Amino acid sequence: MTKPADFPPPFRAADYVAAPSDPQDERIEVGVLIVGAGPAGLACAIRLGQLLEEAPEIRDRLGEVPVAVLEKGKQAGSHLLSGAVVNPRALRRLFKGRKRIDEMPFYGPVEHESVYFLTKNNALRIPAPPTMKNEGNYVASLSRLGRWLAEQAEEAGAMLLPETAAEKLLVSDGRARGVRTGDKGRGRDGQPLGNFEPGADLVAKVTVLAEGTQGHLTGVALDRFGLAGENPQVWALGVKEVWKIKRPLDRVIHTMGWPLRPGAKYREFGGSFIYPMGEDMLTLGMVVGLDYRDVELSVHDVLQELKTHPLVRKLLEGGERVEWGAKTIPEGGFLALPKQLHAPGLLICGDGAGLVNVPALKGIHYAIESGSLAAEAAFAALQRGQTPATPGALSVYDDALKQSFVWKDLYEVRNMRPAFGRGFLVGGALAGAMTASKGRFPPRDLQLERDADLDLLRTDRARSYPAPDGKLTFDKLSSVFASGNKTRDDQPSHIVIQREVPQDVAELWERMCPAQVYEATETGVAVTPSNCVQCGAITAKGGRLTPPEGGSGPEYKLT
Ligand SMILES: Cc1cc2nc3c(=O)[nH]c(=O)nc-3n(C[C@H](O)[C@H](O)[C@H](O)COP(=O)(O)OP(=O)(O)OC[C@H]3O[C@@H](n4cnc5c(N)ncnc54)[C@H](O)[C@@H]3O)c2cc1C
Ligand code: SF4
């Protein structure tokens, strides 16, 4: 049987590690360099700002730019996409009364919630499993929350550098020195165009990788410093839409079951979320594990199918889709964590480290907490007489994370994701026992399999996808348009894959990609990279996403 892992991308992590090459006086020097303006990176910048405010002598030693945050999106928030129901615990700890929850851009607290098991025409309300209870949590658009956090980070003294992709990890004498940013203004074959701008070396005392899911340099760093854990990371793909609606939704809704198939052989693990965004909007999305096997499965189209269910259709009646987006979620949890989250001069936090609680569909508060702890570790290593480059100097970060609620939460649910590889019913029963025993069951941990290692199968899955009507259901190209993606279409391809692959693999990629980047041809696959919304699914399923020119990709506002 064919599997995507048999056609690995022509990608070598070592090609993305380099020593600083700009002449000394042309390098941009910063104190702490944070890659990624997501909740992890921005929390790190805010916490550093607080600590440096109380230690002006250290701030002065860090030079003109004590803290910088690189972001590949057009602005902070442009590439942020989540549900999102946010557990406010880490935000409260971060701001310690400096900002109250009611000053943060939330749509409101979760007041009611319902969980349904769906069949094609019916919805059976079931009690919410303990991991899915959301009392005390708040609904947000992560893109909007990210913009607000970026303002707080700037107020705290950080310099934000949007439209800037970190492309290479700078390493010399065995320690991370910073990053090299990607060139801008190259043509399709790599030739410099009139507006060409070369990348630059940004060197720092500490580099914090907060790149989120499928972090490009995070993968490179795990390889370079030998940090990978025992189990491979696995992912799910989430595709979501934001709708303007006629009647307000008064609850958060989660669904399981249809349109996914329960049979163990399909390995279709996932469900949907529907969250209110104030009185006149809601967001709905479908999340599906990327260990699925059917060549014809398309999460984009499964979401379209979901909207035809009477329960969902009713909520959207008379409404209008206003935004669309897609992103992967690292799902391996505790079992897939790297064995160490630091290296000399380097820290890794948030989704890049895989800090997501899958049964709860939560990662934002772990990203924020890990970012804050990374800031504290970096700050400690910058004290007089210390040097962050010494091997082990940043190990306090791993220690602090292990003492935190993040570790405890993830440990308790560690075997849930692999349990669902055995099918919905068996997985559900095992998950119940795991919850009741607070993670003491099963006595031996389960194993994860790489998403790309699953043999493919083919059913006529695609027959059930509804035809796009442009009102309730949409095709992929109109979805890409609704993501705000305006990527220049004559830039070099940032997607690394084998082009000559069997039909099954080519069609798998064509269906899987929510943004219509791949097209199966007679000899393999054709690629339209400018459609890409950088969801990361291709990296899970046999290819490799690298960051395109800074400023490319979606321009999310409400996701
Ligand atoms: C569909 C979906 C639903 C979810 N629902 C919830 C929910 O309801 N509640 C919850 O708590 N969590 C939820 N999550 C998980 C949550 O969104 C993540 O755990 C969280 O966003 C992780 O934060 P982060 O800062 O680590 O990464 P991200 O939020 O991904 O941010 C990383 C940032 O780094 C930038 N970046 C990456 N690489 C580079 C580079 N090389 N150079 C420059 N910039 C770079 C990216 O553009 C991005 O802005 C959901 C996720 C998805 C996909
Ligand atoms: S090309 Fe890959 S990363 Fe880009 S949208 Fe498609 S699946 Fe996602």
Side-chain angles (χ1 to χ4, degrees), residues 34-44 69-73 75-87 90 134 137 139-140 142-143 145-146 149 161-167 169 179 181-182 209-218 220 235-240 252 273 275 283 285-287 325-330 349-357 360-368 370-371 476 480 483 485 494-495 497 509 512-518 527-529 531-541 543-548 550 553-554 556 559:
I34 300 165
V35 181
L42 294 168
C44 183
V69 186
L70 289 192
E71 171 52 50
K72 63 181 164 55
Q75 56 165 306
S78 296
H79 288 182
L80 295 183
L81 177 146
S82 189
V85 169
V86 182
N87 180 325
N134 279 300
N137 295 338
V139 184
L142 187 62
S143 175
L145 182 63
L149 286 170
L161 299 164
E163 300 194 66
T164 312
E167 195 188 49
L169 188 66
V179 306
T181 62
L209 297 180
E211 295 174 287
T213 180
Q214 302 286 14
H216 165 64
L217 290 188
T218 308
V220 167
W235 284 272
L237 174 59
V239 178
K240 70 173 270 185
V252 307
F273 59 87
Y275 300 155
T283 180
M286 193 75 215
V287 175
K327 200 166 199 179
T328 49
I329 309 171
C349 48
D351 270 19
L355 304 175
V356 174
N357 182 331
L361 188 58
K362 299 266 176 321
I364 296 171
H365 61 308
Y366 302 141
I368 293 171
S370 63
K476 289 181 177 175
V480 174
S483 75
N485 186 358
H494 62 290
I495 291 156
I497 51 164
W509 289 343
M512 171 194 73
C513 175
Q516 203 165 319
V517 169
Y518 309 103
V527 183
T528 312
N531 284 350
C532 176
V533 293
Q534 304 174 30
C535 75
I538 191 64
T539 306
K541 235 34 190 170
R544 176 76 186 210
L545 170 72
T546 65
Y556 299 138
T559 51

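Atoms within a ligand are numbered from 1 in the order they appear, just like the ligands themselves. Since the structure is predicted, the reported quantities are computational estimates derived from the model, not experimental observations.
With sequence neighbours left out, Asn357 forms a side chain to side chain contact (heavy atoms under 4.5 Å, CB included) with Pro359, Ala360, Tyr366, Asp409, Leu410, Val413. For His216, the ring-ring contact (aromatic ring centres under 6.0 Å, His included) criterion is met by Tyr16, not counting sequence neighbours. Listed by chain and number, the residues in a ring-ring contact (aromatic ring centres under 6.0 Å, His included) with Tyr556 amount to none (sequence neighbours excluded).
The closest donor-acceptor contact from the side chain of Asn485 to the backbone of Val533 lies at 3.5 Å or more, if one exists at all.
Considering backbone and side-chain atoms together, Ala166 places an N or O closer than 3.5 Å to an N or O of ligand 1.
Put simply, part of Glu71 is less than 4.0 Å from ligand 1, judged by heavy atoms. For the pair Leu217 and ligand 1, no heavy-atom separation below 4.0 Å is found. By the 4.0 Å heavy-atom criterion, Thr164 is counted among the residues contacting ligand 1.
Between the side chains of Thr328 and Thr213, at least one donor-acceptor pair of N or O atoms lies under 3.5 Å.
Between atom 52 (C) of ligand 1 and the options Thr546, Thr559, Val356, Ile329, the minimum heavy-atom separation is to Ile329.
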Chi angles and distances behind the side-chain contact (heavy atoms from CB on, under 4.5 Å) call for Leu361, Ile329: CA-CA 9 Å; Leu361 188 58; Ile329 309 171; 3.8 Å; yes
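By the criterion of a separation under 2.8 Å, the protein N/O/S atoms near atom 6 (Fe) of ligand 2 amount to Cys513 SG.
Residue Leu80 touches ligand 1 through its side chain alone, judged by heavy-atom distances below 4.0 Å.
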